[in-house]
Amino acid sequence: MKARAALPRDKADTLLLLGSALLVLLPHARHLPPWISLLCGAVLSWRAAITLRGKRMPSSLVLLPIAVLAMIGVQTSYQTLLGRDAGVAMLVLLVAFKMLEMHARRDLFVVIFLCFFLVLTNFFYSQSIFSALLMVLSVLALLTTQLSFQFTGAVPALRARLLMAARMLALAAPLALLMFVVFPRIHGPLWGMPGPGGGAKSGLSDQMAPGQMSSLALSDEPVFRVRFDGPAPDQARLYWRGPVLDSFDGLTWTRGAEKHAPRDQRLSVGGPALSYEVTLEPSPARWVFALEMPGRIPALPGRVTHVSPQFELTVGSAPQERVRYRASSHLDYALQGGERLANASRWLLLPYGYNPRALQAGMDLRREPEPAARVEAVLRRFREQPYSYTLEPPLLGRHTVDEFLYQTRAGFCEHYAGAFVFLMRAAGVPARVVTGYQGGEINPLDGFMTVRQSDAHAWAEVWLAPRGWVRVDPTAAVAPERVRRGLGAAVQMPAPFGIEALRGFDLGRDGGNWLGQLRNALGAVNNGWNQWVLNYTPERQRDVVNSLQAGFTGWPFIALITSSCILLLLYGILIRRRAIHPIDALYSVLCKRLGQHGLARAADEGPTAYAARVAAASHLAAPTRAAAAEFLRRYSAWRYAPVQADPRLAATLKSLLSQVR
């Protein structure tokens, strides 16, 4: 501490600038090539050593080759010097190199303003509440540094400068909030400029192969959040429909061409509609998720929602920003029911030359005349024979279904759904694979249900006359806890990175332990940030502005404004009174009393000149003149002399004031 206090002011200010710049540059290390982060760290360390040792700055002959090599490195890493990522990398290097090229006072402010701009670029890569808090901290550090350069005389302590910068931020916060609420917005996030490759995470695709779903199960990434208008359904009924797969080549299930499929949109629903609101995270896919079955097509802001013949919901382009939409579903439904299924052969196709044992087993099931009994026979096989549900199934060869059914007997949901549909088609029952998400976790603090990549699931649909397409989940026959309570209750997660450890599941799901409570609290805060800040769309802004306009009429608004003005006036008076020092208050009383004797103090008259005029006033009694002159002398010494005030000064001035009559 003593060594830091002994630093000259220019060195202390330079080190403060280096610390602020380091705080601004650190978040960019997550997305920059490692060599840029290491180079910036070396440059800042070099500048700190120069400052502490009092050495000369490096010459341009040294800096120029380094800068040229850095530009060549950026070109090599990004294959361009333009664009978002390359531009941010160049700006980061510019801030670092500028530290070695500061020769005048204006260079300090150039670095500060570059850092302010660099703070904004962080929102290209992350808009989370934690990133926002870090950016506020960075701005606070930069303001403190800028204030330090402004003082020409004595510099306040660092804590005092921090408080000054914090007050500046606090004063700007109401204006920033007002601009956020009412300033016209554009569709999409302001900082959502897409970069190469996009920023969305991978998720469900339009194909399914063994091992694909199990890899998603290891991801805790949220896919969407749901807020139900009423109580949420039971976990076992939460099937969020996604891609429907009908083509099988022996290894992979894929979506067939829709242009040849008849558009049979028959859907009968029963029971009350379940209304809810979905907040969909950014995604590289076009899927829109809703509970089976949606009674009406969800309307996404600025997009057209399409419904396929298989009742898949998609949009024209992948949502690169967070999207919120309303939906309603009926859990009791009949899809394309009747005595006959159009184009039934499409749902019976099987590849030639694959899985001969399973093919024969399915054909043997045709001895059972009732299709529903064939379905039950396969489910009974999964329940009674030693099949296991695991995240780490053995690798399969060419005949994936045969090897799974008769050899390994261990798999994840895609194994059971794919094998079940294969057996059903071989048994003459139209069947298809449906992928999506099953379940979800409700946060008790905010009431939102979060559906994550780990909730990815595959199930089957079989067509039974006259019921139509019926959902069958073969995974529930092997691991019923997966459907009733979630993935963590059905499988053992790989340690130490298991989702059970991260999500709490049984212990943390209801907030019963501190880990679960902390996770719920962080989830609620992050979701609130997403809902009210990042998802403040033009439509929501229009609703807010309209409600404000409706409220700015009538006597309640006038009464509110009047009372607010009165309260602000009273608050200002109280603050002003509190701001007056007791010694200054006594001085004001003296001036008022002398003014009553015809000696009012002029606005530009100091206490010394005022004392001389009072001493020359012959119409005052000698004791009064002497007391007033002594009062003004002591007050002038207290106000202007660089000495410590006498703790008894106030009592002395009160005694002298009593003699001025």
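Just so you know, these numbers use all the heavy atoms, side chains as well, and skip hydrogens, waters and symmetry mates. Sequence positions, counted from 1, serve as the residue numbers for this chain.
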Got a second to check how far [X]'s [atom1] is from [Y]'s [atom2], nearest 0.5 Å?
| X | Y | atom1 | atom2 | answer |
| --- | --- | --- | --- | --- |
| E281 | T450 | CD | OG1 | 9.0 Å |
| I72 | S77 | CD1 | OG | 11.5 Å |
| I112 | L142 | CD1 | CG | 7.0 Å |
| S138 | L143 | OG | CG | 11.0 Å |
| S37 | H31 | OG | NE2 | 8.5 Å |
| D85 | F124 | CG | CZ | 9.5 Å |

Should [X] and [Y] count as side-chain neighbours, where that means a heavy-atom distance under 4.5 Å?
| X | Y | answer |
| --- | --- | --- |
| R227 | Y276 | no |
| L81 | M90 | yes |
| H28 | L118 | yes |
| M99 | L44 | yes |
| P58 | E101 | no |
| I442 | F448 | no |
| V139 | F116 | yes |
| L147 | M168 | yes |

Using every non-hydrogen atom in the two residues, find where [X] and [Y] come nearest and quote the distance to one decimal.
| X | Y | answer |
| --- | --- | --- |
| L93 | C40 | CD2-SG, 4.0 Å |
| L23 | A141 | CD2-CB, 4.1 Å |
| A70 | F97 | CB-CE1, 3.9 Å |
| N122 | P27 | OD1-CB, 3.2 Å |
| W240 | G439 | NE1-O, 3.0 Å |
| A166 | L140 | N-CD1, 3.5 Å |

Can R161 and T144 be counted as having a side-chain donor-acceptor contact under 3.5 angstrom?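 Checked: R161/T144 side chains show no N/O donor-acceptor pair below 3.5 Å.
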
When the ring planes of F289 and F224 are compared, do they come out parallel, tilted or perpendicular, using 30° and 60° as the limits?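 Aromatic pair F289/F224 classed parallel.
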
If the threshold is 4.0 Å, N to carboxylate O, is there a salt bridge linking R225 and E277?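 Salt bridge absent between R225 and E277.
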
With sequence neighbours excluded, residues passing salt bridge (Lys or Arg N to Asp or Glu O under 4.0 Å) with D206: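 Counting only residues at least two positions away or on another chain, D206 forms no salt bridge (Lys or Arg N to Asp or Glu O under 4.0 Å).
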
Under 3.5 Å, which donor-acceptor pairs do the side chains of residues 48-57 form with other protein atoms, sequence neighbours left out?
{"from": "T51", "atom 1": "OG1", "to": "R47", "atom 2": "O", "distance (Å)": "2.9"}
{"from": "T51", "atom 1": "OG1", "to": "R47", "atom 2": "NH1", "distance (Å)": "2.6"}

Side chain to side chain contact (heavy atoms under 4.5 Å, CB included) for F109 and L114? Distances and angles first, verdict last. CA-CA 8 Å; F109 294 101; L114 284 174; over 6 Å; no

So does F117 have more than 12 non-hydrogen atoms from other groups sitting under 6.0 Å from CZ?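 Incorrect, the count does not exceed 12.
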
Assess the residue pair R84 and Y125 against the criterion (side chain to side chain contact (heavy atoms under 4.5 Å, CB included)); give the C-alpha distance rounded to whole Å, side-chain angles, the decisive distance to 0.1 Å, and a yes or no. CA-CA 10 Å; R84 183 193 70 178; Y125 305 97; 3.7 Å; yes

Decide yes or no on side chain to side chain contact (heavy atoms under 4.5 Å, CB included) for Q453 and Y437, but give the supporting numbers first. CA-CA 8 Å; Q453 295 290 3; Y437 297 91; 3.0 Å; yes

Derivation of the side chain to side chain contact (heavy atoms under 4.5 Å, CB included) call for W287 and V223: CA-CA 11 Å; W287 310 115; V223 182; over 6 Å; no

